[in-house]
Chemist: 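Structure in structure tokens, see below.
By convention in this document, chain letters (A, B, ...) are assigned in the order of the sequence lines, proteins followed by strands, and residues within each chain are numbered from 1. Atoms considered below: every heavy atom in the structure, side chains included; atoms not considered: hydrogens, waters and symmetry mates.
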2 protein chains.
Amino acid sequence: MKIDFDGIQAFVAIAELGGFSKAAESLHLTQTALTRRIQKLESYLGLKLLDRTTRYVELTAVGREFLPQARAMVLEVTRSIEGLKDMSRHSHGSFSLACVPTMAAHILPEFISKYAEACPGNRIRLLDGTSYEVRNAVLNNFAELGICIQGEHNAELAEIPLFDDRLMFFCRDSHPFSRKESVTWADMSQADLIVVSNMTATRVVMDYQLAKKGIRLSGAYEVQHHATAISLVAAGVGCAILPASTLEEGDRQGVRRIPLVGPVVKRKVVLTRRKKSSLSPAASAFFDLLKGSPLKV
Amino acid sequence: MKIDFDGIQAFVAIAELGGFSKAAESLHLTQTALTRRIQKLESYLGLKLLDRTTRYVELTAVGREFLPQARAMVLEVTRSIEGLKDMSRHSHGSFSLACVPTMAAHILPEFISKYAEACPGNRIRLLDGTSYEVRNAVLNNFAELGICIQGEHNAELAEIPLFDDRLMFFCRDSHPFSRKESVTWADMSQADLIVVSNMTATRVVMDYQLAKKGIRLSGAYEVQHHATAISLVAAGVGCAILPASTLEEGDRQGVRRIPLVGPVVKRKVVLTRRKKSSLSPAASAFFDLLKGSPLKV
DNA sequence: GTAAATATATGCCTGATTCGCAATAATCAT
DNA sequence: ATGATTATTGCGAATCAGGCATATATTTAC
């Protein structure tokens, strides 16, 4: 048998307001309907909850016992449902976003503040990790959205290109190349190179594209994180090849960023989501925000 | 808008069992009906709770968030409703019974054990007090049933006679009257009488009936409780006039109970309930038990 | 790659439910 | 008694929900 939630709601309203008519008004119904709902509920339960004459309404012993429970249930359910409806109406709620650290520092701050403005009160749980981890988080529903480097195609993931992140040459301003307009991959052989680990997506992309041109790169140093590489450059350890997004030219005293050509190598930064999963309103709002904004390098 | 509890229930069932078909079976519905329920719920909420292909069902982020709440709500409501239904089906539950102390000691033990046999697990909250208090407790819904002495008529109360409780003469077996078959009210003038307070219903009934015969009684001692009076008799303080139910002949060493005639005065013990209030199944079962059993003095 | 198997979705119909209006009945207050 | 107030009931209409048959989509197997 079906649970008669409306009946319970009617019972609570009548008990609280002390009459069918008042309760009917508060529920936007006629008192006729309420009479019927209570009758149905009582006959379903097999007991009376309200003693009523045509003139007066009073709780029965059972009704008195049941009222607190009923009240709590009605409150809980309506609150919960209203919360969900609100979630959909105003894109309320929280969601998880997985993101590679570089992008978390580079583009995210701007979008998070835009998002906070559009959807005040919403919280973003930020999971940072490697591209691989980001993609996995999205695939396993640990995060609804991910920002990472485009890698091998995965049928389960939808990827929306955000921007191309060009690889650049980073050196101290005391370096011989520091005044050049651009440097070539061929020039790299003369430099003490700091490169990121070949476990990173950036490195995989780079090696792949260079291999197509027959270029092989060997670095003197290998680090895990872009931020570390920059620090080493600043400290005078050597030069680095890193995505442009790592550091804007002029952002760090004594470090120069120089375009690297022949060929120009880019990694593609993408926004990714699981094809099968629908986005929550909160995530959807963020998704639209990111998708709708043109991004410059 | 009406709260769609069925939808929530469907959602929980599907989420727990991992599919529409299995859930449909557990809810004794077709899978078609479930599809419709979920569609209705989702469109009402304006968001998706389940990502499903024709082949697979998976929770969305929102669905995952909502599931624990939904599960708790469904559980709470069904448990509560089932409890009420059970209450009606098996006269389960507790109720309050108001009773005068004498009767609590005299007839109640028998009925309580009968009741416990018929309705195991049910609890009776026993409120003992004077007849006046008993009637008030019933009138104010502090107790569903009352056992008291019949007094002035009250339109709000229904009274079912249980038995006539005859006034008796109680004395020590050393008393001059102790061997008599009966004593008369006229004999009373020769006795050191212990009577109950004129605040008690027993006394009111007694005085009223004696007054009609032109008899006036004066007691040497006045006590509140029948039990006290008996103790005084046993201690040799004097003789008492008390309802037969106070003590069976032979129940107390050295105390004799002798019929009192000319006239025979009785108080009527009644079972009372509030006319307006319906009885809970638990109280109703007790009511029927009491009403259906012939009672001897 | 195609077919079979499996699970959800949809069209359509039917039966049941629910609602509201109007009229009725019952109670309380004057 | 009478009138005011409030719940109940009869009845018709609209809506809703359920079920059957079928379509559609996806996975698995050969």
Chemist: How would you list, by chain and number, every residue that makes a side chain to side chain contact (heavy atoms under 4.5 Å, CB included) with B:Tyr56, sequence neighbours excluded?
Modeler: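 Partners of B:Tyr56 by the side chain to side chain contact (heavy atoms under 4.5 Å, CB included) criterion, ordered by chain and then number, come out as B:Thr53.
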
Chemist: Among pairs that include at least one residue of residues 26-40 of chain A, which meet salt bridge (Lys or Arg N to Asp or Glu O under 4.0 Å), considering only residues two or more places apart or in two chains?
Modeler: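 Listed once each, the pairs are A:Asp4-A:Lys40.
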
Chemist: What pairs meet the side-chain hydrogen bond (donor to acceptor under 3.5 Å, both in side chains) rule with one or both residues in residues 9-29 of chain B, with sequence neighbours excluded?
Modeler: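 Pairs touching residues 9-29 of chain B that pass the test: B:Glu16-B:Arg71.
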
Chemist: Can you name the residues that form a side-chain hydrogen bond (donor to acceptor under 3.5 Å, both in side chains) with B:Ser278, not counting sequence neighbours?
Modeler: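 Here the qualifying residues are A:Asp51.
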
Chemist: For B:Arg125, which residues count as a side-chain hydrogen bond (donor to acceptor under 3.5 Å, both in side chains) partner, sequence neighbours excluded?
Modeler: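 Scan of B:Arg125 (side-chain hydrogen bond (donor to acceptor under 3.5 Å, both in side chains), adjacent residues dropped) gives B:Ser96.
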
Chemist: Please list, in numerical order, the residues of residues 13-37 of chain B that have a heavy atom closer than 4.0 Å to any atom of DNA chain C.
Modeler: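 Within residues 13-37 of chain B, the residues near DNA chain C are B:Gly19, B:Phe20, B:Ser21, B:Gln31, B:Thr32, B:Thr35, B:Arg36.
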
Chemist: Sort me out a list of protein N/O and nucleotides 28-30 of chain D N/O pairs below 3.5 Å, or just none if empty.
Modeler:
none

Chemist: Salt bridge or not for B:Glu58 and B:Lys48, using N-O below 4.0 Å?
Modeler: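 No, B:Glu58 and B:Lys48 are not salt-bridged.
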
Chemist: Using side chain to side chain contact (heavy atoms under 4.5 Å, CB included) as the criterion, list what pairs up with B:Arg64, not counting sequence neighbours.
Modeler: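 So B:Arg64 forms a side chain to side chain contact (heavy atoms under 4.5 Å, CB included) with A:Asn141, B:Leu59, B:Ala61.
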
Chemist: In chain order, what residues pass the side chain to side chain contact (heavy atoms under 4.5 Å, CB included) check against B:Leu126, with sequence neighbours excluded?
Modeler: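 So B:Leu126 forms a side chain to side chain contact (heavy atoms under 4.5 Å, CB included) with B:Leu97, B:Cys99, B:Ala104, B:Leu108.
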
Chemist: Please tabulate, for side-chain N and O atoms in residues 152-160 of chain A, each donor-acceptor pair with protein atoms closer than 3.5 Å (sequence neighbours left out).
Modeler:
from: A:Asn154; atom 1: OD1; to: A:Glu156; atom 2: N; distance (Å): 2.7
from: A:Glu159; atom 1: OE1; to: A:Gln150; atom 2: NE2; distance (Å): 3.4
from: A:Glu159; atom 1: OE2; to: A:Arg135; atom 2: NH1; distance (Å): 3.0

Chemist: Quick check for you: name the first and last nucleotides of DNA chain C, 5' to 3', having an atom under 4.0 Å from a heavy atom of chain A.
Modeler: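 First and last nucleotides in contact are C:dT18 to C:dC28.
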
Chemist: Just to confirm, is there a sub-4.0 Å distance from OP1 or OP2 of D:dC16 to any side-chain nitrogen or oxygen of B:Lys40?
Modeler: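 It does not, given that no N or O in the side chain of B:Lys40 lies less than 4.0 Å from OP1 or OP2 of D:dC16.
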
Chemist: In chain order, what residues pass the side chain to side chain contact (heavy atoms under 4.5 Å, CB included) check against B:Ala23, with sequence neighbours excluded?
Modeler: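 If we apply the side chain to side chain contact (heavy atoms under 4.5 Å, CB included) test to B:Ala23, skipping adjacent residues, the hits are B:Ala13, B:Ile14, B:Leu17, B:Leu34.
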
